[in-house]
Amino acid sequence: MSFKKITAEEAACLIKDNDVVGFSGFTAAGCPKAVTKALAKRAEEEHAKGNPFKIGMYSGASTGDSIDGVLARAHAIKFRTPYQSNNDLRTELNKREAHYFDLHLSELQQYLRYGFLQKPDWAILEVCDIADDGKVYLTSAVGIAPTVARLADRIIIELNKYHPKELAGIHDIYEPADPPFRREIPVYKPSDRIGVPYVQIDPKKIVGIVETDLPNEVGAFTPLDKVTEQIGKNVADFLSHEMKLGRIPAGFLPVQSGVGNVANAVLGAMGANEDIPPFEVYTEVIQDSVIKLMKEGNVRFASGCSLTLSTPALEEIYHNLSEYKKKIMLRPQEISNSPEVARRLGIISINTALEADIFGNVNSTHVLGTRMMNGIGGSGDFCRNSYLSIFTAPSTAKGGKISAIVPMASHIDHSEHSVKILITEHGIADLRGKSPIQRAETIINNCVDPQYKDLLNQYLRLGQQGHTPHNMAAALAFHDTFIKTGDMRNVKWSDYV
């Protein structure tokens, strides 16, 4: 190898205060882990001297603790986009110690190319192999790596030997041209390969190779409980019913599913439902449940942006790479999350809501309308452009003190025009072809926890005249009551009207 080997500390010393850095990876899969730890330590040292040290950060989605966590704790983040899920970084954002712009994941790469966002000074990429001519083979995710590698002035490579070189071939790297020269993205089924298996880098931009042997930082998923299992069963039953009505083809349609225990429950229930045939996945995050369904013969192929897998599941793939490479493809996120491709393939989109209101608007991002949780991620990319957009949520949180269904969402990420189906453990609300009052009645009757049904029906009766019968004085009473008393069930409408 003709490239210079350097330590993580040497690499970190090259990055200056106010530089902008783009990272490979998507979730905690495929992210650099060594240079960023050294960079956080350097930031702490500079701060101790009274010197400023913060960087701007672009990533595919969330990252592992070795990026977002260590840099947040070191107060080394100037701005961050497009998505995060780290507790320490969340604290920084909600204290406004760092700027955060929440962005649809499919848009970041083109925003960078268009010049809407500051060009990265640096790219730090985790790879499993590198050729002398600058071809690099990524590890367990792609994210925005092709774009930041092309735009960045200088590149640091983390050559991670934990990931086998034989991963080469699982990636499909493709960047669309920019308007007015862009053509259609030629993906007509999830298994279509349209690019090359490597990211091509100008070798002159590579300042050094940092060798590592560090596993991904994907944590174990929360075990399923009765609520999540029932949500999964309700989704599977709904899709089975749609097939019987002829509204889903007999061969089924590609599925996109969010990340987390609810998503795992949904996919597991779909696999267990005898009426749902083996299907394909076109999504952003490939998680344990997809691999389990693949082994059972219920998933034929999975296209995504990352292998966000527990260690045992990832190691199983690595031990059987020749077989799994026939069934899995990893793409850049502007392709995995492409609205164009989602619309063409007829995606069934299944994502999780933080809260929804009785008229079908969904909040995916903000607690009580003000505190950022994680971000919109890819849910908007798929929701608006899917064949069926389904949102799921447990009907209550905090032991019943919070209702996930409220009179008016405290923040809206997905409007009533995009949300087609809402599902909780209590049932299914099909909102297609319904007026606002019909949507409200359907959601209250089918999805709301019994503790809150009377309260929400009372709110509807308080509604003022108009197409969408809100009472603006009382619309956020659930949230206001929780802030004052810690329990939404304590709301008294007489306090607001």
Side-chain angles (χ1 to χ4, degrees), residues 187-191 229-258 262-263 265-284 289-290 293 297-303 337-353 356 358-362 378-393 414-447:
V187 174
Y188 307 108
K189 57 183 184 298
S191 58
E229 287 179 342
Q230 187 59 50
I231 291 172
K233 183 177 184 304
N234 288 346
V235 172
D237 288 347
F238 168 76
L239 294 174
S240 171
H241 183 64
E242 288 292 292
M243 287 190 69
K244 291 174 183 176
L245 294 176
R247 295 198 286 237
I248 294 177
F252 216 64
L253 290 167
V255 172
Q256 176 268 329
S257 177
V262 174
V266 167
L267 290 171
M270 289 174 63
N273 190 303
E274 295 181 356
D275 295 328
I276 296 177
F279 56 90
E280 295 181 313
V281 170
Y282 194 89
T283 191
E284 51 188 6
S289 54
V290 174
L293 292 176
N298 290 314
V299 165
R300 299 193 304 270
F301 191 90
S303 169
N337 289 46
S338 166
E340 172 201 335
V341 176
R343 182 65 63 94
R344 178 185 298 127
L345 297 184
I347 296 290
I348 296 172
S349 170
I350 309 167
N351 289 288
T352 304
I358 56 175
F359 299 108
N361 300 291
V362 164
S379 55
D381 296 325
F382 293 103
C383 166
R384 188 124 205 205
N385 301 285
S386 61
Y387 180 83
L388 273 178
S389 61
I390 300 171
F391 277 90
T392 64
H414 311 288
S415 80
E416 62 193 84
H417 307 292
S418 302
V419 179
K420 302 297 187 279
I421 315 294
L422 185 63
I423 296 178
T424 70
E425 74 275 21
H426 295 297
I428 302 159
D430 187 344
L431 309 179
R432 294 172 291 180
K434 290 182 170 63
S435 68
I437 191 68
Q438 290 173 321
R439 288 197 297 270
E441 291 169 348
T442 302
I443 290 171
I444 293 171
N445 289 337
N446 292 286
C447 294

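Predicted, not measured: the structure shown is a model, and the values here were computed from it.
- Taking all atoms of both residues into account, the shortest heavy-atom contact from Leu293 to Gly271 is CD2-CA, 3.6 Å.
- Between the Asn361 side chain and the Glu416 main chain, a donor and an acceptor come within less than 3.5 Å of each other.
- Side-chain contact, Asp275 with Ser240: a donor N or O sits under 3.5 Å from an acceptor N or O.
- Between the side chain of Asn298 and the backbone N or O of Ala272 there is no donor-acceptor pair closer than 3.5 Å.
- Within the 3.5 Å criterion, the main-chain N or O of Ser418 finds no donor-acceptor partner in the side chain of Arg384.
- Remark: side-chain polar atoms of Thr442 are paired, donor with acceptor, to backbone N or O of Gln438 under 3.5 angstrom.
- Using a 3.5 Å distance cut-off with no hydrogens or angles, the side chains of Gln256 and Asn351 do pair a donor with an acceptor.
- With hydrogens and angles ignored, the 3.5 Å screen pairs a side-chain donor or acceptor of Thr283 with a backbone N or O of Ser257.
- The distance from the CD1 atom of Ile390 to the CG atom of Asp430 is 9.5 Å, given to the nearest 0.5 Å.
- How far OG of Ser379 is from CG of Asn337: 9.5 Å, rounded to the nearest 0.5 Å.
- With values rounded to the nearest 0.5 angstrom, Glu242 atom CD is found 6.5 Å from Ile421 atom CD1.
- Counting all heavy atoms, side chain and backbone alike, Asn385 lies closest to Asp381 at ND2-O, 2.9 Å.
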request  = Evaluate the salt bridge (Lys or Arg N to Asp or Glu O under 4.0 Å) criterion for residues Lys189 and Glu280: first the C-alpha distance (whole Å), next the side-chain angles of each, then the deciding distance (0.1 Å), finally the verdict.
outcome  = CA-CA 9 Å; Lys189 57 183 184 298; Glu280 295 181 313; over 6 Å; no
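- Atom CZ in Phe391 sits 11.5 Å away from atom CG in Leu431 (nearest 0.5 Å).
- Within the 3.5 Å criterion, the main-chain N or O of Lys420 finds a donor-acceptor partner in the side chain of Ser389.
- Contact record, Ile428 with Asn234: CD1-O, 3.4 Å, taken as the closest heavy-atom pair.
- With contacts defined as side-chain heavy-atom distances shorter than 4.5 Å, the pair Ile248/Leu388 qualifies.
- Heavy-atom minimum distance, Ala236 versus Ile276: O-CD1, 3.8 Å.
- Between the side chain of Ser303 and the backbone N or O of Tyr282, no donor-acceptor pair lies under 3.5 Å.
- Residues Cys383 and Ser349 approach most closely at N-OG, 3.9 Å, considering heavy atoms.
- Rounded to the nearest 0.5 angstrom, Ser289 OG and Leu267 CG are separated by 4.0 Å.
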key: Trace of the side-chain contact (heavy atoms from CB on, under 4.5 Å) decision for Gln230 with Thr424   = CA-CA 8 Å; Gln230 187 59 50; Thr424 70; over 6 Å; no
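- With a 4.5 Å cut-off on side-chain heavy atoms, Met270 and Phe252 count as touching.
- Considering every non-hydrogen atom in both Ala440 and Phe359, the closest pair reads CB-CE2, 3.8 Å.
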query = Could you go step by step and tell me if Leu253 and Phe279 meet the side-chain contact (heavy atoms from CB on, under 4.5 Å) rule?
reply = CA-CA 7 Å; Leu253 290 167; Phe279 56 90; over 6 Å; no
task = With side-chain contact (heavy atoms from CB on, under 4.5 Å) as the test, would you mind laying out the steps for Val299 and Val255 before giving the verdict?
result = CA-CA 10 Å; Val299 165; Val255 172; over 6 Å; no
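- Taking the side chain as every heavy atom from C-beta outward, Asn273 and Met243 never approach each other to under 4.5 Å.
- A side-chain donor-acceptor contact under 3.5 Å links Arg439 to the backbone of Lys434.
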